[in-house]
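This report concerns only the one structure given below.
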Protein chains: 2
Amino acid sequence: MGASKTEHFTDKQNAIAVMAKALGHPARVAIIEYLLKVDTCICGDIVNELPLAQPTISQHLKELKNVGLIKGSIEGNAICYCVDEKALTVLQKFFTHVTTKMEKKKNNCC
Amino acid sequence: MGASKTEHFTDKQNAIAVMAKALGHPARVAIIEYLLKVDTCICGDIVNELPLAQPTISQHLKELKNVGLIKGSIEGNAICYCVDEKALTVLQKFFTHVTTKMEKKKNNCC
DNA sequence: AAAGTCTATCGTAATATTGCAATATAGTAA
DNA sequence: TTACTATATTGCAATATTACGATAGACTTT
């Protein structure tokens with residue numbers, strides 16, 4: 001095989017997994033962090049910032065865009081990429097929920 | 001290629017990426033959720049709970065364990081797996097930090 | 001000890017990911 | 001129009017992931 005059996009899991013589980021997977025690469029974590037750091041967010045900046053070739057970065061940006069973690073709009077010649085609040089908020093809520101649940105059952109086992 | 005160039009990124013970026021990657025599969029999200037839901041956490045339960053074969057689940061558990069998201073201790077015949085608070089808290093803090101940063105620069109661009 | 005239960009590992013097939021050179025596309029400027 | 005700049009796509013090689021049958025290892029019970 002090699003393909004995940006997504007049909008057996010809930011929509012929420014798949015949604016979390018898809019977004020987590022997109023962040024499962026340091027370059028894509030770095031892209032998100034960079035987009036949050038700078039005020040403007042042109043792709044060219046990212047190419048200069050990261051130690052990867054332009055096609056590789058373009059590919060990473062595409063993946064982040066595909067799962068909705070960033071959005072891009074054409075800005076003249078360049079393209080303006082920004083983080084998408086909604087998607088990242090979903091992840092934030094998931095992990096906050098997880099840590100909250102953990103505290104409730106603290107030292108319950110193991 | 002096929003291997004990530006982890007050496008070019010910060011330790012923190014790599015740490016987040018490794019953990020996010022581990023959660024980048026719905027079965028592993030389901031495993032974490034299940035471990036939080038039940039009080040006891042024996043692997044056998046998970047095999048019955050998820051629509052995957054036992055070797056596949058064992059493999060997923062191994063990956064979660066490798067990145068520190070869960071920990072397991074031998075409990076007689078079975079093995080008791082539990083979520084690891086520290087690792088999940090790192091992720092929770094990262095995403096809370098991200099969403100906090102997002103709100104500060106709201107509507108700054110795009 | 002023998003049989004049963006639970007989990008891990010091996011081996012393998014199918015598929016996905018990563019990275020980049022080369023090239024294409026689209027807009028800007030001369 | 002021609003050249004320039006910015007980003008995307010294609011094509012390919014190397015590697016990683018996913019899944020599971022078969023089997024092994026470890027502990028329990030009889």
Side-chain angles (χ1 to χ4, degrees), chain A residues 1-9 13-14 17-31 34-35 40-67 70-82 110, chain B residues 1-9 13-14 17-31 34-35 40-67 70-82 110:
Chain A
M1 298 281 157
S4 302
K5 292 195 158 183
T6 56
E7 69 274 14
H8 293 316
F9 301 97
Q13 284 165 346
N14 282 313
V18 160
M19 287 189 288
K21 190 177 188 175
L23 287 171
H25 191 293
R28 295 195 288 263
V29 173
I31 287 171
Y34 185 67
L35 288 181
T40 56
C41 41
I42 315 293
C43 176
D45 292 353
I46 298 172
V47 173
N48 296 329
E49 189 79 5
L50 298 187
L52 294 169
Q54 179 268 321
T56 307
I57 291 174
S58 183
Q59 195 173 278
H60 284 309
L61 287 167
K62 190 181 178 184
E63 280 185 66
L64 287 170
K65 200 178 172 187
N66 280 343
V67 305
I70 64 173
K71 51 191 172 182
S73 57
I74 296 169
E75 187 92 15
N77 200 2
I79 290 189
C80 174
Y81 277 115
C82 293
C110 293
Chain B
M1 296 280 158
S4 301
K5 291 196 156 181
T6 56
E7 68 275 15
H8 293 315
F9 301 97
Q13 284 164 347
N14 281 314
V18 161
M19 288 189 288
K21 190 178 189 177
L23 288 171
H25 191 293
R28 295 196 287 264
V29 173
I31 287 171
Y34 185 68
L35 288 182
T40 56
C41 42
I42 315 294
C43 176
D45 291 353
I46 300 172
V47 172
N48 295 331
E49 190 79 3
L50 298 187
L52 294 169
Q54 180 268 322
T56 307
I57 291 174
S58 183
Q59 198 173 276
H60 283 309
L61 286 168
K62 190 182 176 183
E63 279 184 67
L64 287 171
K65 200 178 171 188
N66 281 344
V67 305
I70 64 173
K71 51 191 172 182
S73 57
I74 297 168
E75 187 92 15
N77 200 3
I79 290 189
C80 175
Y81 276 115
C82 293
C110 292

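Just so it is clear: chains get the letters A, B, ... in the order the sequence lines come, proteins before strands, and each one is counted from 1.
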Atom-to-atom span, CG of B/L50 to P of D/dC20 - whole angstrom
11 Å
Write down the distance between CD1 (A/I46) and C1' (D/dT7), rounded to a whole number of angstrom.
12 Å
Reported [atom1]-to-[atom2] distance for the pair [X] and [Y], which is rounded to 0.5 angstrom:
X     : Y     : atom1 : atom2 : result
A/L64 : A/K71 : CG    : NZ    : 14.0 Å
B/Y34 : B/N48 : OH    : CG    : 7.5 Å
B/L50 : B/T56 : CG    : OG1   : 10.5 Å

Who passes side-chain hydrogen bond (donor to acceptor under 3.5 Å, both in side chains) against A/E63, sequence neighbours left out?
A/R28
Where protein sits on nucleotides 3-10 of chain C, one letter per nucleotide: B base, S sugar-phosphate only, - none, heavy atoms under 4.0 Å:
--BSBBB-
[X] vs [N]: side-chain N/O to OP1/OP2 distance below 4.0 Å:
X     : N      : result
B/K21 : D/dT17 : yes
B/H25 : D/dA19 : yes
A/H60 : C/dT17 : no

Does A/I74 reach a base, just sugar-phosphate, or nothing at all? Heavy atoms under 4.0 Å.
nothing
Hey, what's the ring geometry for A/H60 with A/H25, parallel, tilted or perpendicular (30° and 60° as the breaks)?
tilted
Matching residue for A/L35 among A/I46, A/D45, A/L61 - test: side-chain contact (heavy atoms from CB on, under 4.5 Å)
A/I46
